[in-house]
Amino acid sequence: MRSADDIAAKLLGAPYGSLDERTRKVARHVAERRHIARNLPEEFASASTRGARAADAVARFGGSWVFIALFALTMVVWVILNSWVLIKHDESFDPYPYILLNLFLSMLAAIQAPIILMSQNRQSEKDRVNAEHDYEVNLKAELEIMLLHDKVDLLREGQWHELLALQNEQLKLLQDCCRRGPHAARRRKSPDRAACAPGPRQSVARRAGR
């Protein structure tokens, strides 16, 4: 198992001490063979406070069509109600140009804007953490692939050496067979000639027959 210093020097081309914190974390995880992926939504959900969750809910509701429809309906009802009161009683609680309505809308905007900014800051923090996590995962995957390439190259070199050694042994055996081939053929032919040569009894019998 390689150390984090070896991985930083060989794969990243820099000393371990000169790397930033995220890169050193990746080098340590690669050296220790530990996973680096995390469940970020669950971590954010467990670390969020009630205020943060409330800000997210207000931002979601404020950016929905439901809020726009309710907002438009409220203004229409306000105008109709003021007109009806004006017709019935010759005066209204919020005459044109509806200063009281403008006051309520200004207060709503003053309260809603900071809450939406809080939610946006929280979302920006989530995006930053997600980007850092993606960088760590991608860097670790790249380093693991480089290590796999090194292992495959080592295996291939070992197989080439084994094949070369086996080929050399086969060549030696073939050369020995080629050297022993003529001598073995001569030895096999000499007993056949001796068997084919006539013996003394066969020669005497042939003479008697003549």
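Ion pairing of Glu32 with Lys140 is absent here, as no side-chain N (NZ or NE/NH1/NH2) approaches a carboxylate O to less than 4.0 Å. Residues Lys172 and Glu169 are not paired through a salt bridge, judged by the lack of any N-O separation under 4.0 Å between the basic side chain and the carboxylate.
The environment of CG in Leu148 is crowded: more than 12 heavy-atom neighbours from other residues, nucleotides or ligands sit within 6.0 Å. A 6.0 Å sphere centred on CZ of Arg128 holds more than 12 heavy atoms belonging to other residues, nucleotides or ligands. Residue Arg50 qualifies as open at atom CZ: its count of foreign heavy atoms under 6.0 Å is 12 or below.
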- Item | Chi angles and distances behind the side chain to side chain contact (heavy atoms under 4.5 Å, CB included) call for His35, His29 | CA-CA 7 Å; His35 68 87; His29 279 72; over 6 Å; no
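For Trp65 and Phe71, the ring centers sit 6.0 Å or farther from each other.
Minimum heavy-atom separation, Val26 to Ile36: CG2-CD1, 3.8 Å.
Using modelled atom types, one finds no donor on one side chain facing an acceptor on the other under 3.5 Å when comparing Tyr16 with Ser3. Side-chain atoms of Gln123 and Asp127 form a donor-acceptor pair, as typed in the model, at a separation below 3.5 Å.
With a 4.5 Å cut-off on side-chain heavy atoms, Arg122 and Ser48 count as touching. Phe93 has its side chain within reach of Leu81: a pair of non-hydrogen atoms, C-beta onward, lies under 4.5 Å apart. Side-chain atoms of Leu166 and Gln170, non-hydrogen and from C-beta on, do get closer than 4.5 Å to each other. In this structure, the side chains of Leu12 and Leu139 come closer than 4.5 Å at one or more pairs of heavy atoms. Between Glu125 and Val129 there is a side-chain heavy-atom pair separated by less than 4.5 Å.
Met75 and Leu70 fall within the same hydrophobic cluster, defined by Ile, Leu, Val, Met, Phe, Trp and Tyr side-chain heavy atoms under 4.5 Å apart, directly or through other members.
For the atom pair OG1 (Thr23) and CG (Leu143), the distance works out to 9.0 Å, reported to the nearest 0.5 Å. Here Leu174 contributes atom CG and Gln167 contributes atom CD; the two are 11.0 Å apart, rounded to the nearest 0.5 Å. Interatomic distance, CG of Leu19 versus CG of Asp5, reported as 9.5 Å (0.5 Å rounding). Residue Glu136 holds its CD atom at 9.0 Å from CD of Glu21, rounded to the nearest 0.5 Å. How far CG of Asp20 is from CZ of Arg24: 7.5 Å, rounded to the nearest 0.5 Å. The line from CD of Glu43 to CZ of Arg38 is 5.0 Å long, rounded to the nearest 0.5 Å.
In this structure, Leu73 belongs to a hydrophobic cluster whose other members, linked by side-chain heavy atoms under 4.5 Å apart, are Val77. Taking a 4.5 Å side-chain heavy-atom cut-off between Ile, Leu, Val, Met, Phe, Trp and Tyr, the cluster of Ile80 extends to Val76.
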For residues 100-120, which side-chain donor-acceptor pairs fall under 3.5 Å, sequence neighbours excluded?
residue : atom : partner : partner atom : Å
Asn102  : ND2  : Pro97   : O            : 3.3
Asn102  : ND2  : Tyr98   : O            : 3.1
Ser106  : OG   : Asn102  : O            : 2.8
Ser119  : OG   : Asp56   : OD1          : 3.1

